[in-house]
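Below, chain A is the first sequence line, B the second, and so on; all start at residue 1.
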Amino acid sequence: MPEHYEDSRLYRIRHSTAHIMAQAMLERIPEAKIAIGPPIEDGFYYDFDLPRPLTEEDLNWIETRMKAIMREDHPYTVREVSPDEARAFFKGQPYKLELIDDLQNGRVDDNGNRIAEPADTMTFWTQDTFTDLCRGPHVENTNQINPDAISITYKMPAGAYWRGDEKRQQLTRIYGTAFETSEELQDYLHRLEEAKRRDHRIVGERLGLFTFSQIVGKGLPLWKPAGATLRDTLERWLRDVQIENGYEPVVTPHIGNIDLYKTSGHYPYYKESQYAPIDVDDEQFLLKPMNCPHHIMIYKSEMRSYRDLPVRYAEFGTVYRYEQSGELHGLTRVRGFTVDDAHLFVTPDQLLEEFKAVVRLIQYVFNTLGLTDFRARVGIRDPKSDKYVGNDADWEHAAAAIIQACQEMDLPHTVEEGEAAFYGPKLDFIFRDVLKRNWQLGTVQVDYNLPARFELEYVAADGSRQQPVMIHRAPFGSLERFVGILIEHFDGAFPAWLSPVQALLIPITDRHVPYAQEVAAKLKAAGIRFEIDESKNRMQAKIAAARERHIPWLLIMGDRDQQAGAVSVRLRTDEDLGQMPLDDFIAMAQRVINDKAMALG
RNA sequence: GCUCCAGUAGCUCAGUCGGUAGAGCACACCCUUGGUAAGGGUGAGGUCACGGGUUCAAGUCCCGUCUGGAGCUCCA
C-alpha cells in the first residue's frame, strides 16, 4: 500500500469503479437500494439492499457491464447540492437519505458525541446515468479505468450489516478490485490463489497435523500425532525458556466455582461467551474461560513478603469460550484452546522492569521463529464504555507503564481505544494470516483490578500490607492460533527442530531395509525424529511423497551407502548434499536442531 | 448469531432431462528391486451429511436439522 493511499490514483480508480458497479447493479436490478461503496485496502466494495439473492450469473453480468461502461468514455462530473435537493434526488433510497440527514446534522456516534460538523451542502458525483452522494475524488473519465484490470473479487455475494450494526438491516456486499494494468490484476489474483493454498486448514489437513470431528463438536480441534509433536516441541521450548527466566510451573483444573468469576468481575461481562454453568451439589462450576483466578488462588494460599516478589506462575492452561458459530475458523478461532499463560505478581516498583522483561521474552520467541510480520498495539479503555472494572487512576497508571515501556524499548506501536481487557490495558502482538485477516497472538496485560478484587497483598519492608500489581502474559497467545499462523508462515515447511518428522529414511530396495533400521537406531539414540519408507514404491516415488510432506532431510540408502556406512542426503529444498558418513549427518542434524536454525545444512 | 453458498469413497472431484454411483490419489494384494519430483496390474472401499416430503422412481426437486466455506457482527 502506498504511503498516502487515499491520495493515490489507484484509490480514485477503485472508488470510481465502485460507482460503476452500483450503476451496473441498478441496470440489472432497478429496485436495488444502494448503501455505501468505499475503496478498501486491496480494492473496494459496494453494499446493496436487494429484493432477491444474487446469483453467479448476476455477478458475471455486472462485471461484464462494468467493463462496457468503462469503454464508453463517460466523464465524472461533480456538483454541489443542498440537503433538500439531495433528498429530492434520492427519494426512495432510504440509506442515502439517512446519510444525507447525518451530513446535514453532523455525524453523531452511539454515545451522542459529534464526530463531524453539520454541512449546508454536499456533493454529487455523476458518471453516465448514475449519480452518487460522495465526497470523491474520482478519475476524470471512465476511460481512465482499465477494463482488463478490474474484477469482482469473490464470485459470491457477502452479507454485511448497515453501518456495521448487527441490529440493523443486513445488506449484500460485493467486493471488487481494480488496478492500473491487467498484469497487476493477474498478479493480485494469483497471489490470492497462492494464499488460499497456504491456508493452515488445508496445509494442516494435508500434513496430518489436526482434524475436527462433528461428533466431538465444532471449534474443538483434535491434534493428531504430527501436530501434537510440533505443539509439544513448542511447549517444551517455551517451558524451558520460562524456567530460565524465573518462572515457576503451576497446574490447575479445567473448571472452577462460578464465585471465582463473580469475584473477578468477569462473569457478568462475558456471560454470553461462556459455556453454560455445570450444576453439582447445589454449586455451579464454569469451564474456565481464563486461568487468572486459579493462579490468583495459588498466590493467596501463602503469606507473601516483598522479598518473594516477583512471583511468576506459568501454566499451559486450557480454556473454553463459547464463540459465535460463524466466527469459528480452523485453528485460529476455536472454542477450546490452550494459553501459554503466566501471571506475574509484582510490587509497583517492579512493574516497569518486569513488563519490559516480558516484552523481551516475547520478542525472543518471535525472533527465534523468524516471525517479523506483526504489529504491536497498546489497547486502552474505550472511555465511553461501561464494560470495564476498576478506578480511573489505576487504569491511567497501567496504560502509562505500558506506553513508557514501549518507548524505552523502541517498540513501534499504535494506541487504540476499546482494545483493553476488562480488567486492564494491554500490549498485543497482532499477526496477519495469508488472507490478510488479523489475529492477536502474544499479549501482555497490566492489571491493578484483580489484585484489588481478590484482596491480594504482600508484606512490605516496613511491615505494612501492600497490594501487588499483576501482569498477565502469553507469548503465543494460544497454541492453537499460534500453530495455525506458523503453518501459514512456513507453508508447512517448518524449521527442522519443529518438524514432526525430521528425517525420512529411503531404502532403495527391500534388501536395504535392514541397513535403514540400523541407521534408524542411531538416529533414535541421537534424538532425531524419523520415519522409514518401507513401501514397495520406487525411490523416486518415495522422494516425491516426502517432498509433499516438507520433510527436511531425505536419507537415501543403497548398496554404495551401506558399504560406506553412509547415507545420501537430499534436503527438502531439493539440494543434494551427496553421500555423507552417517555420523557426519547426525552431527549436522543435531547442530541444526539445537540451533533452531532455519537452514538445513 | 445473521446473509449467502456448499456437503457424493480416507482426500480431490465428475455424475446431463429425476430412472438405483464413477475417476484420480491414498489403501490391500501381485508383478517390478529401481540411485534423486510418482513403474504396471488386480482388488476392496458408498445409508450420495442426517431427517422428512413430492414422485411409479430422488445423489438429482421441496422443507427442516447438522457440518463446512465467504462476509458481517463479536472476540477475556
Side-chain angles (χ1 to χ4, degrees), chain A residues 45 47 49-50 52-56 153-175 196 199 201-202 205-206 208 211-215 217-219 261 264-267 269-270 272-274 288-293 319 321-330 333 339 341 379 387-388 419-424 426 435 437-440 443 445 447 450 472 474 477 506-513 535-548 554-561 568-572 574-579:
Chain A
Y45 65 81
D47 285 347
D49 189 355
L50 301 173
R52 62 173 175 85
L54 281 182
T55 64
E56 195 173 328
T153 312
Y154 311 110
K155 289 286 186 279
M156 191 182 294
Y161 299 105
W162 171 236
R163 297 203 146 165
D165 184 343
E166 65 177 324
K167 293 180 188 64
R168 303 197 65 177
Q169 179 67 35
Q170 186 151 29
L171 308 172
T172 299
R173 174 171 295 179
I174 306 175
Y175 284 95
K196 285 180 191 162
D199 190 312
R201 292 167 297 182
I202 294 167
E205 167 79 32
R206 185 158 49 76
T211 187
F212 288 88
S213 155
Q214 292 189 19
I215 296 177
K218 60 162 91 170
Y261 305 99
S264 71
H266 158 265
Y267 185 68
Y269 289 109
Y270 296 101
E272 72 289 344
S273 56
Q274 291 165 180
K288 67 180 174 185
M290 51 179 17
N291 299 303
C292 9
V319 299
R321 299 177 187 176
Y322 187 79
E323 304 286 354
Q324 296 191 98
S325 61
E327 263 307 330
L328 299 174
H329 185 89
R333 189 78 180 265
V339 182
D341 219 347
K387 67 169 188 173
Y388 305 100
E419 298 292 345
F422 79 91
Y423 47 72
K426 56 181 184 164
L435 293 174
R437 290 176 289 221
N438 289 311
W439 299 101
Q440 178 197 312
T443 182
Q445 304 161 6
D447 176 14
L450 295 187
H472 309 238
I506 300 180
I508 290 175
T509 74
D510 286 350
R511 70 174 181 278
H512 304 114
V513 169
S535 69
K536 295 293 177 61
N537 291 321
R538 304 178 62 207
M539 176 194 62
Q540 285 86 345
K542 294 178 181 180
I543 290 171
R547 287 181 85 265
E548 296 216 330
L554 306 187
L555 307 185
I556 292 145
M557 47 204 87
D559 292 336
R560 301 203 291 264
D561 307 289
S568 290
V569 181
R570 177 186 164 123
L571 306 183
R572 83 174 149 217
D574 291 339
E575 191 183 344
D576 187 353
L577 300 190
Q579 195 180 72

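Residue contacts for A:Ser568: at a heavy-atom cut-off of 4.0 Å it reaches a base atom on one of the strands shown. As judged by a 4.0 angstrom heavy-atom cut-off over every strand, A:Asp561 is placed among the base-contacting residues. No engagement by A:Glu56 is indicated, since no non-hydrogen atom pair under 4.0 Å with the nucleic acid exists. If you check every strand for non-hydrogen atoms under 4.0 Å, A:Lys387 touches sugar and phosphate atoms only. Looking at heavy-atom distances under 4.0 Å, A:Arg511 makes contact with sugar-phosphate atoms alone, never a base.
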Nucleotides 23-32 of chain B: which of its N/O atoms have a protein N/O under 3.5 Å away?
none

At a cut-off of 3.5 Å, list every protein nitrogen or oxygen paired with a nitrogen or oxygen from nucleotides 1-6 of chain B, distance to 0.1 Å.
{"residue": "B:G1", "atom": "OP2", "partner": "A:Ser325", "partner atom": "OG", "Å": "2.5"}
{"residue": "B:G1", "atom": "N9", "partner": "A:Gln324", "partner atom": "OE1", "Å": "3.3"}
{"residue": "B:G1", "atom": "N7", "partner": "A:Gly326", "partner atom": "N", "Å": "3.1"}
{"residue": "B:G1", "atom": "N2", "partner": "A:Tyr161", "partner atom": "OH", "Å": "2.4"}
{"residue": "B:C2", "atom": "O2'", "partner": "A:Gln170", "partner atom": "OE1", "Å": "2.1"}
{"residue": "B:C2", "atom": "O2", "partner": "A:Tyr161", "partner atom": "OH", "Å": "3.3"}
{"residue": "B:C2", "atom": "O2", "partner": "A:Gln170", "partner atom": "NE2", "Å": "2.9"}
{"residue": "B:U3", "atom": "O4'", "partner": "A:Gln170", "partner atom": "OE1", "Å": "2.8"}

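Applying the 3.5 Å distance criterion, the base of B:C75 shares no donor-acceptor pair with the side chain of A:Arg321. On a pure distance criterion of 3.5 Å, no polar donor-acceptor pair joins the side chain of A:Asp559 and the base of B:G35.
Scanning both residues, A:Ser264 and A:Leu450, for their nearest heavy atoms gives O-CD2, 3.3 Å.
Within the structure, a side-chain polar atom (N or O) of A:His329 is placed less than 4.0 Å from OP1 or OP2 of B:A70. Taking 4.0 angstrom as the limit, A:Arg437 places a side-chain polar atom (N or O) nearer than this to OP1 or OP2 of B:A70. Under 4.0 angstrom from either OP1 or OP2 of B:G69 there lies at least one side-chain N or O belonging to A:Arg201. For A:Tyr175 and B:C72, the shortest distance from a side-chain N or O to OP1 or OP2 is below 4.0 Å. Residue A:Arg570 places at least one side-chain N or O closer than 4.0 Å to OP1 or OP2 of B:A37.
Using atom P as the reference point in both B:C25 and B:G40, the two lie 8 Å apart (nearest Å). Nucleotides B:A6 and B:C63 are separated by 12 Å at their P atoms, to the nearest Å. Across the C1' atoms, B:U36 and B:G22 are found 36 Å apart, a figure rounded to whole Å. Only the C1' atoms considered, B:A9 is 23 Å distant from B:G19, to the nearest whole Å. Comparing the P positions of B:G59 and B:G7 gives a spacing of 15 Å, expressed to the nearest Å. Spacing between B:G10 and B:G51 at atom C1', rounded to whole Å, works out to 26 Å. Atom C1' of B:A21 sits at a distance of 13 Å from the matching atom of B:A58, rounded to the whole Å. Rounded to a whole angstrom, the distance from the C1' atom of B:A28 to that of B:G45 is 10 Å.
The 5' end of RNA chain B is approached more closely, in terms of each residue's nearest nucleotide, by A:Asp165 than by the other of A:Asp165 and A:Lys426. Taking the nucleotide of RNA chain B with the nearest heavy atom to each of A:Ala420 and A:Met557, the more 5' of the two is matched to A:Met557.
Among the nucleotides B:G34, B:G35, B:C11, the one closest to any side-chain atom of A:Thr509 is B:G34.
Of all nucleotides present, none satisfies the Watson-Crick or G-U wobble test against B:A44 with each distance under 3.5 Å.
A tilted orientation is assigned to the rings of A:Phe422 and A:His266, their planes being inclined by 30° to 60°.
Taking 4.0 Å as the cut-off between side-chain N and carboxylate O, A:Asp199 and A:Arg201 count as a salt-bridged pair.
In this structure, the side chains of A:Lys536 and A:Asp510 come closer than 4.5 Å at one or more pairs of heavy atoms. Side-chain contact check for A:Arg437 versus A:His329: some heavy-atom pair is nearer than 4.5 Å.
Using modelled atom types and a 3.5 Å distance limit, the side chains of A:Tyr267 and A:Gln274 yield no donor-acceptor pair.
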